[in-house]
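A short worksheet on the structure shown next.
Every chain is numbered from 1 and lettered A, B, ... according to where its sequence line falls, protein lines coming before strand lines. This is a predicted model, so every value here is computed, not measured.
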Amino acid sequence: MRRTGRIGRIGRIGRIGRAGRYLTLLLVLVVMLGPIVWQFLTSLRGRTENVYDGMLPAQPTLDNYVRVAESFPLLQYTGNTLIVAALAVTSNLLFAAMGGYALSRPGWKGRKAVFTVLVATLMFPFESVMISMFLTIRGMGLVDTLIGVWLPGAVSVLNIMIMRAAFLAVPRELEEAAVLDGAGEWARFTRVFLPAAKGSLAVVCITSFMGAWDDFLWPLLVLTDSEHYTLQLGLKSLAGATTVNDQRLIAAGAMAALLPMMLLFFALQRFFFKGVGEGAVKL
Amino acid sequence: MVALFSLWPFVNTVILSFTDARILQGGRFVGFDNYTRAFADPDFWTAACNSVLYLAVVVPALVLLPLALAVLVQKEVPGIGFFRSAFYTPVIASAVVVGLIWQWVLRSDGLVNTVFRRLDLISQPVPFLTDSTLLLFSAMLVTVWKGLGYYMVFYLAALGNVPASLYEAAALDGAGPVRRFFSITVPQVKPMMLLVGTLSAISALRVFTEVYILGGEGGGPGGGARTLPFLIRQVGLGFAGETGYAAAISLLLFLLTLVFSLLGRRLSKGDEE
């Protein structure tokens, strides 16, 4: 009797615990997603509708998105951003994988020194070198070009470290088996190490894409002609323009920038959380 | 590549900081003039204090709250993937988008003020974005909100590495969830807490976009909410851009960052011994 009673009690506590967990999860969800959802709803409100009347828009409309697309070259800004992001993802994958591989292999002189210097550069906040960086880019004649926006972020040290950690985690046996099979250095790199570090490659892919997509301060320094603006700069002009004091429009612009990213992330979410577990942050 | 875009700009910054260079012309060597000027400049002190205050508020919040969040979403229960991704969404949203969303929440005719007014809690709108101090705190709120998901992922990775046997042993010893959290989870993720502390400290010193979007180009009334990167950009660019002076402030920002990074390192070293 006593035994079943105990089990029953634990069961009940478990159920209450689970309900409490979901309740807390929902509460946090409201804090985290609430402002975004509200902004999304605002973006759907009609022109005559009061922004604060009720939760749901009375006459949902995509009109605001059309108006944003008409008054701001949103597609062009997005295109510019995508060019920079594509360059950044490609160069980061390439250089971080190669750099990380080199740093994870023993047996060459100066490896420790290079590693130390790289880790040290992690401590420079970009903002403390951006003026000098700007002068460098200007010296190369790249001011107001998308190449100039991309170049400083072509390979991030953090990504090299992420790849290094992933390659270090590859089991020795796997590598030895490949050597026995007669695989050369390059074959081992492409056939053994790269596939084994897929999760981390996905993390590098996502973080470098997001870095390029997100960046604001640096493009703000480099780009002057509004034709070359990246999406974030374009959005700023949306908020700053005194002519557009319409929250519905700003909301539509913000959502147009956010929704594609959200879709991409929710699609890749599985790889992302797995890649993180693989050792992305075991620096 | 790394040398060109990490080392050279740094060396160049050091050199520049000892000159009176302007944006369109090289400068002469002026010794420590830029530094003495910075220490006498009230704008510099406002920005430096803002940056340090930012750090003092944001870092503890970003060390503790994401850990709680990670513990909350750690367990594989139905639908947890959705919650994890949802909590991560503010990280995906760019700082500009996040700024736009919160600008609208906090404006004098924004969501919070409207709700407060309808509830008759206030007669005057709360100047979240037009008072320097409140603007700074609003920006902190935005930074924390955006950072929660980011550091949650760090903690998730760390929690994944805690051996399950530790929890089983503690459960057998009759330790409740709270006990288990403080006697197992916290010590096990302590290195990660230090890492998160260091990273969030560095990024707190880098804050620019939040203040810029919420408070506008000037950095709040009289520039009262300007952070150090904000000041660097304002001083260093434009037609009258004083590159040399901006470089000196940059170097001071770097030193500040270095101090906090080393502090984090020292703490984690002391922990290992």
Side-chain angles (χ1 to χ4, degrees), chain A residues 18 21 24-25 28-29 31-33 35-36 38-39 42 52 95 117-118 121 123-136 151-152 154-155 157 210 213-214 216-217 220-221 232 235-236 239-240 247 250-251 253-254 257-258 261-262 265-266 269-270 273 276-277 280-283, chain B residues 1-2 5-10 12-13 16 69 72-73 77 81 83-90 92-97 100-105 111 114 145 148-149 153-154 156-157 160 195 202 205-206 208-209 213 216 228-229 232-233 236-237 243 246-247 250-251 253-254 257-258 261:
Chain A
R18 191 179 302 170
R21 180 182 290 269
T24 323
L25 282 170
V28 180
L29 188 70
V31 175
M32 300 306 280
L33 276 191
I36 298 174
W38 186 276
Q39 188 82 331
T42 305
Y52 300 107
F95 296 129
V117 170
L118 284 183
T121 64
M123 281 189 209
F124 303 166
F126 175 75
E127 286 68 16
S128 73
V129 293
M130 69 187 176
I131 294 290
S132 157
M133 193 86 87
F134 177 77
L135 297 179
T136 308
L151 215 44
V155 56
V157 175
M210 268 171 39
W213 183 270
D214 249 18
F216 179 68
L217 180 51
L220 186 67
L221 298 188
Q232 309 303 336
L235 284 174
K236 180 219 79 179
Q247 191 53 43
I250 299 174
L258 173 59
M261 287 298 286
M262 276 180 77
F265 177 72
F266 273 78
Q269 173 259 115
R270 190 180 290 268
F273 284 107
V276 166
V281 286
K282 288 179 209 153
L283 283 174
Chain B
M1 202 73 158
V2 171
F5 289 108
S6 296
L7 281 180
W8 164 242
F10 182 69
N12 194 27
T13 304
L16 277 172
L69 216 55
L72 189 67
V73 299
V77 290
F83 285 105
R84 282 181 191 165
S85 306
F87 297 167
Y88 199 77
T89 309
I92 306 165
S94 67
V96 176
V97 168
L100 287 176
I101 291 176
W102 281 92
Q103 183 197 43
W104 161 81
V105 172
L111 181 66
T114 306
W145 184 74
L148 283 175
V153 169
F154 282 61
L156 270 178
L195 178 66
I202 295 174
L205 291 175
R206 298 178 50 184
F208 168 81
T209 313
I213 297 292
L228 281 174
I232 293 169
R233 171 178 174 271
L237 292 172
T243 340
S250 302
L251 216 64
L253 170 65
F254 167 68
T257 312
L258 196 66
S261 318

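- The most heavy-atom pairs under 4.5 Å with chain A, out of B:T209, B:L228, B:L258, come from B:T209.
- The OG1 atom of A:T24 sits 10.0 Å away from atom CZ of B:F83, with the distance rounded to the nearest 0.5 Å.
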For this session: List the steps and the verdict of side chain to side chain contact (heavy atoms under 4.5 Å, CB included) for B:I92 and A:W213.
Result: CA-CA 9 Å; B:I92 306 165; A:W213 183 270; over 6 Å; no
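- Interface remark: B:A247 contributes no atoms to any contact with chain A (heavy atom separation under 4.5 Å).
- Within the 4.5 angstrom heavy-atom criterion, only side-chain atoms of B:L69, from C-beta onward, approach chain A.
- Taking A:Q39 as the reference, nothing meets the side chain to side chain donor-acceptor pair (under 3.5 Å) condition, with sequence neighbours excluded.
- Heavy atoms only, all atoms of each residue included: A:D214 and B:A95 are closest at OD1-N, 4.1 Å.
- In terms of heavy atoms, B:F87 sits closest to A:L25 at CZ-O, 3.7 Å.
- B:W102 is listed as a side-chain neighbour of A:P35, based on a closest heavy-atom distance under 4.5 Å.
- The contact between B:T257 and chain A is made entirely by side chain atoms (from C-beta outward), counting heavy-atom distances below 4.5 Å.
- Of all heavy-atom pairs between A:M130 and B:R233, the closest is CE-N, 4.0 Å.
- Interface remark: of the candidates B:V73, B:T89, B:L72, B:L72 forms the most heavy-atom pairs closer than 4.5 Å to chain A.
- Both the backbone and the side chain of A:M261 have a heavy atom closer than 4.5 Å to some heavy atom of chain B.
- Per-residue counts of heavy-atom pairs under 4.5 Å with chain B were compared for A:L217, A:L258, A:V31, A:I36; the largest is that of A:L217.
- A:A254 approaches B:L100 most closely through the heavy-atom pair CB-CD1, 4.2 Å.
- To the nearest 0.5 Å, the span separating CH2 on A:W38 from CD1 on B:I101 amounts to 13.5 Å.
- If you tally non-hydrogen atom pairs under 4.5 Å between each of B:I232, B:V105, B:L251 and chain A, the highest count goes to B:I232.
- The contact between B:F254 and chain A is made by backbone and side chain atoms together, counting heavy-atom distances below 4.5 Å.
- A:M32 and B:L148 make their closest contact through SD-CD1, 3.7 Å (heavy atoms, listed as atom of the first residue, atom of the second, distance).
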